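Structure, as structure tokens:
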Amino acid sequence: MAEGRLVIGTKRYSSWSLRGWLMVKLAKLEVEEVVVPLAGGGGTEAIRAISPNGMVPYLEHRGARMWESLAIAEYCAEFAPGLWPADRAARAHARSIASEMHAGFRGLRMAMPMNLGRTFPGRGRTPDALADIARVEAIWAEALKASGGPFLFGRDFGLADAMYAPVVTRFLTWQPDLTATTRTYCEAVRAHPLVAQWYDEAAKEPAAWLLEKYENPG
Ligand SMILES: N[C@@H](CCC(=O)N[C@@H](CS)C(=O)NCC(=O)O)C(=O)O
């Protein structure tokens, strides 16, 4: 029986929802999934009516209420501590890059929004986006070198990977020039069963949920 609910937005577009959903699935929390189609441009009325900050993901579980994906990450790690690396220094590293994702990369997010159903090769390459991509590639290369991959902190897909999974989808959609290390990591993330499930479910969303601004970006 469900012990709460996870409220998320349109799977095709909602990058933060993907993060929260992956975390909750990885921790195996039993919650009902509530998908609210994004209105576009923020301020979706149905989300504001449910979530304290008017945003998704929003999680309720056994009397706890959480918004902000890092709060959801830490809650999930209470149930599944292995979602952060076991080694203390690696764990500090994982939390640092997860926080860096949460706080930054605005240039990338603005120029290359998530759209799981389209490809826009060669587009969106603003200077800010390219600078963010260079930093993301450096972050991934450092973690993968230390861990040996295929995921950022080793064999298992963890919370740091969940934080960066929407960046992988952006790279697959917008196809900037990437190093071989980045491309290999993107393939590993795309092939993860939960990421594949999210893509499959996104492809089944109704056409009425499509938003012009993401389907035909300027
Ligand atoms: N800082 C938040 C960001 C959440 C966020 O920006 N979510 C977007 C969807 S990807 C949202 O809910 N926007 C409101 C809307 O589109 O109505 C987090 O870490 O979860």
Side-chain angles (χ1 to χ4, degrees), residues 4-27 29 31-61 64-78 83-84 94-118 124 128-129 132 136 139 158-174 189 194-195 198-199 201-202 205-206 208-217:
R5 63 178 175 165
L6 174 69
V7 184
I8 57 176
T10 311
K11 288 184 171 164
R12 186 179 179 95
Y13 304 132
S14 185
S15 54
W16 293 103
S17 297
L18 170 56
R19 296 182 174 101
W21 183 89
L22 285 170
M23 293 165 184
V24 163
K25 291 281 183 194
L26 289 165
L29 302 188
V31 290
E32 178 197 355
E33 183 179 309
V34 179
V35 184
V36 178
L38 297 182
T44 308
E45 271 310 314
I47 294 176
R48 286 164 67 153
I50 298 172
S51 164
N53 67 346
M55 291 189 196
V56 285
Y58 170 61
L59 175 64
E60 294 172 348
H61 182 254
R65 302 160 68 235
M66 282 144 282
W67 52 100
E68 294 294 343
S69 45
L70 280 184
I72 294 173
E74 293 299 348
Y75 185 80
C76 288
E78 291 188 29
L83 293 178
W84 288 125
R95 285 194 165 111
S96 295
I97 67 170
S99 299
E100 189 173 343
M101 179 69 246
H102 190 251
F105 302 117
R106 187 179 156 78
L108 172 64
R109 301 214 304 258
M110 293 299 111
M112 300 184 179
M114 186 163 118
N115 183 336
L116 301 189
R118 299 287 303 278
D128 286 351
D132 283 351
V136 166
I139 289 171
L159 293 167
D161 300 290
M163 286 301 286
Y164 281 91
V167 175
V168 169
T169 77
R170 287 177 157 101
F171 287 176
L172 296 174
T173 296
W174 295 85
V189 169
L194 288 174
V195 175
W198 179 276
Y199 264 86
E201 291 171 5
E205 288 175 334
W209 292 7
L210 295 179
L211 295 170
E212 179 64 18
K213 67 182 268 200
Y214 298 130
E215 296 305 318
N216 292 300

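Indexing begins at 1, ligand by ligand and atom by atom, following the structure's order. Bear in mind the structure is a predicted one, so any value in this text is a computation, not a measurement.
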TODO: Examine R170 relative to W174 and say whether NZ or CZ is less than 6.0 Å from the centre of the six-membered ring and inside a 45° cone about the ring axis.
DONE: no
Open item on the list: Show me which atoms of ligand 1 lie under 4.0 Å from any heavy atom of S14.
Closed with: 9 (C), 10 (S)
- [ ] Considering heavy atoms of the protein only, find what lies nearest to atom 17 (O) of ligand 1 and give residue, atom and distance to 0.1 Å.
- [x] T44 OG1, 2.5 Å
- [ ] Tell me which part of R19 gets within contact of ligand 1: side chain, backbone, both or neither, using heavy atoms under 4.0 Å.
- [x] neither
Task: atom 4 (C) of ligand 1: nearest protein contact (heavy atom, Å) - done: V56 O, 3.3 Å
- [ ] Can you pull out the closest protein heavy atom to atom 13 (N) of ligand 1? Residue, atom name and distance to 0.1 Å, please.
- [x] M55 CG, 4.2 Å
TODO: Find the distance between CG (L70) and CE (M101) and round it off to the nearest 0.5 Å.
DONE: 10.5 Å
Task: Interfacing atoms of ligand 1 (cut-off 4.0 Å, heavy-atom, P57) - done: 20 (O)
Task: Separation between CE of M114 and OG1 of T173, rounded to the nearest 0.5 Å - done: 8.5 Å
TODO: Under 4.0 Å from a heavy atom of G43: give me the atoms of ligand 1 that qualify, with their elements.
DONE: 15 (C), 17 (O)
Open item on the list: Parallel, tilted or perpendicular: which one describes the rings of Y13 and Y214, with boundaries at 30° and 60°?
Closed with: tilted
Open item on the list: For atom 14 (C) of ligand 1, what's the nearest protein heavy-atom neighbour? Residue, atom name and distance, please.
Closed with: G54 O, 3.8 Å
Open item on the list: Salt bridge or not between R5 and E60? Use side-chain N to carboxylate O under 4.0 Å.
Closed with: yes
TODO: Around atom 2 (C) of ligand 1, find the nearest protein heavy atom and jot down its residue, atom name and distance.
DONE: E68 OE1, 3.2 Å
Task: Nearest-0.5 Å distance that lies between atom CG in L83 and atom CD in E78 - done: 12.0 Å
TODO: Look at atom CZ of R118 and say whether more than 12 heavy atoms of other residues, nucleotides or ligands are closer to it than 6.0 Å.
DONE: yes
Open item on the list: Going by salt bridge (Lys or Arg N to Asp or Glu O under 4.0 Å), R12 matches just one of E215, E205, E201. Which one?
Closed with: E215
- [ ] Output the list of atoms in ligand 1 that are nearer than 4.0 Å to some heavy atom of G42, sorted by atom number.
- [x] 15 (C), 16 (O), 17 (O)
Open item on the list: Test your reading of the structure: does S69 have an N or O sitting under 3.5 Å from an N or O of ligand 1?
Closed with: yes
Task: Per-atom contacts of ligand 1 with L38, taking only distances under 4.0 Å to non-hydrogen atoms - done: 16 (O)
